Each structure stands twice: as C-alpha cells, then as structure tokens.
Amino acid sequence: AALASAGSVRNSLINTWRSKSVQEAVEVLSQPDIEVMNQSDKEDLLPRLHDLNKNVIEIFTNDLSKKQRQAEEAVRRAEEDSLRAQEADHKAALDVLDAKFARAEAAKLEAAREEDYGRAKALKEEAELLKKSRAEKIASFESHASQRRQVDWPANVKLDAEVMLAG
C-alpha cells in the first residue's frame, strides 16, 4: 500500500504532525475517533510521548554540549600552540641578541687590547644598545605573559612562560 501511494501517505503524515507540539499530538490522538487495537495501549502510551520528547531534547542538548566542549578544547589547544610558538620566537630573538652582545663584547676587548679606543668605544655603545634591546624584549614578553596569566592557562603553559622569563 505504501508503494502504491507514491509517497502521498508519507507526505500526509509529515504535514499532519510537523507543526504539532507534543501536547497537541496527545490531544489529537486521545480523541475517541482515533481507533486503536487495544485501548489500554492508547491510555498507557500517549502520556509517554512527553517522556519521549524530553529524551529527544536531552539527547540533542547533550550532543550540542559535547560539540561545544570539543570546539572550546580545540580553541584552547590552538591558543596554547600559538603561545608556545610566540615563546619560541621570543627565545630565538633573545638568543640572537645574546650572540650579538657576546660578539660585540669580544670585539670591544680585542679593540681595547689593540689600543683602538675609538673602535672600542663604538663597540661598547653597540653592546649597550643590544643590552637595552634585550631588556625591552624581555619587558615586552613579560607584559604579554602577565596578560596571558590573567586568562586561565593550564599550569604547564604558565610554567613554560615563567621558565622562559627566568632564562
């Protein structure tokens, strides 16, 4: 019979119930003109439609909450990865500054040994600029790190930042 109806029974059922609330469905189905094989089934099962509705809502709500938690976790991981990348960039920049400072200090000592005091003075100024630049870089990183600490970062990320600052 379903095949012979070419979907019209299906469409009729969908159109009948699509816009009905559970309460409206119970009211319609509980009318005496709705016949069933076993009246006790009708009396027992109609009130259970409310439970079915609650269960469906709970399933969808739980699924939505799970997806939201997964999305929040993905964002948190991406933020952690970004922080670690920033820390690595900062450490690399400090390493470059430290190497330049060490090179300038060594060159300054060499110039002083050779009694090239003009060059030694210029190298001393360069070393002081590098030292100042390093201090500014650290201050900038500390400022960003303190802002990140105000966000609830996991303990291991906070520890990495504090180790980076101490270095």
Side-chain angles (χ1 to χ4, degrees), residues 1-102 130-167:
L3 289 176
S5 70
S8 63
V9 173
R10 177 181 181 272
N11 291 339
S12 175
L13 284 170
I14 290 172
N15 290 332
T16 299
W17 300 109
R18 170 182 300 180
S19 61
K20 300 273 191 266
S21 69
V22 172
Q23 185 57 42
E24 290 170 330
V26 169
E27 288 172 7
V28 168
L29 293 171
S30 64
Q31 296 299 313
D33 64 328
I34 304 294
E35 295 181 14
V36 292
M37 287 288 262
N38 186 345
Q39 185 64 29
S40 66
D41 283 348
K42 184 175 180 178
E43 293 165 2
D44 291 341
L45 297 177
L46 281 178
R48 295 171 104 188
L49 281 179
H50 292 289
D51 292 336
L52 175 63
N53 187 52
K54 288 177 191 172
N55 290 341
V56 168
I57 289 171
E58 185 177 328
I59 287 168
F60 279 101
T61 301
N62 288 343
D63 188 51
L64 182 61
S65 296
K66 180 181 176 184
K67 287 179 181 177
Q68 184 176 2
R69 284 191 307 273
Q70 289 171 338
E72 289 169 354
E73 177 63 18
V75 167
R76 187 188 63 74
R77 279 194 309 267
E79 288 172 343
E80 283 181 21
D81 291 346
S82 175
L83 175 60
R84 282 190 171 76
Q86 290 172 6
E87 288 175 348
D89 290 347
H90 178 74
K91 183 167 180 356
L94 287 178
D95 289 346
V96 167
L97 286 171
D98 289 344
K100 287 180 178 180
F101 179 78
L130 289 167
K131 195 173 183 179
K132 182 181 176 188
S133 179
R134 186 181 196 284
E136 289 170 355
K137 186 81 168 159
I138 289 173
S140 171
F141 186 77
E142 286 175 347
S143 172
H144 286 88
S146 70
Q147 289 172 1
R148 284 190 298 271
R149 281 189 205 107
Q150 292 172 1
V151 178
D152 188 26
W153 289 101
N156 63 327
V157 175
K158 287 181 187 174
L159 182 61
D160 289 349
E162 288 164 359
V163 167
M164 185 65 116
L165 291 174

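This is a predicted model, so every value here is computed, not measured.
Residue Lys131 comes nearest to Phe101 through the heavy atom pair CB-CE1, 4.2 Å, listed as atom of the first residue, atom of the second, then distance. The shortest non-hydrogen separation linking Ser12 to Thr16 is O-OG1, 2.7 Å. The two residues Leu29 and Leu49 have their closest heavy-atom pair at CD1-CD1, 4.3 Å. Scanning all heavy atoms of the two residues, the minimum distance from Phe141 to Gln86 falls at CE1-O, 4.5 Å. Shortest non-hydrogen contact noted between Lys137 and Leu94 is CG-CD2, 3.9 Å. Of all the heavy atoms in His50 and Val22, the pair that sits closest is ND1-CG1, 3.6 Å.
The environment of CD in Glu35 is sparse: at most 12 heavy-atom neighbours from other residues, nucleotides or ligands sit within 6.0 Å. In Lys54, the NZ atom is not crowded: 12 or fewer heavy atoms of neighbouring residues, nucleotides or ligands sit closer than 6.0 Å.
Salt-bridge formation is detected for the pair Asp95/Lys91: a Lys NZ or Arg NE/NH1/NH2 atom is positioned less than 4.0 Å from an Asp or Glu carboxylate oxygen.
Here the CG-CD distance, from Asn38 to Glu43, works out to 9.0 Å after rounding to the nearest 0.5 Å. If you take OG on Ser21 and CD on Glu27, they are separated by 7.0 Å, rounding to the nearest 0.5 Å. Rounding to the nearest 0.5 angstrom, the gap separating the CG atom in Asp81 from the CD atom in Glu79 is 10.0 Å. Note: Ile59 CD1 to Leu64 CG = 13.5 Å, rounded to the nearest 0.5 Å.
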Check: Asp63 and Lys67: salt bridge (charged side-chain N to carboxylate O under 4.0 Å, His left out), yes or no, with the steps?
Finding: CA-CA 6 Å; Asp63 188 51; Lys67 287 179 181 177; 3.4 Å; yes

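When each of Gln23, Glu24, Arg18 is checked for a side chain to side chain contact (heavy atoms under 4.5 Å, CB included) with Lys20, only Glu24 meets the rule.
Between the Ser140 side chain and the Glu136 main chain, no donor and acceptor come within less than 3.5 Å of each other.
Among residues two or more places apart in sequence or in another chain, the side chain to side chain contact (heavy atoms under 4.5 Å, CB included) test is passed with Asp33 by Gln31.
Within the 4.5 Å cutoff, no side-chain heavy atoms of Leu130 are placed close to those of Arg134.
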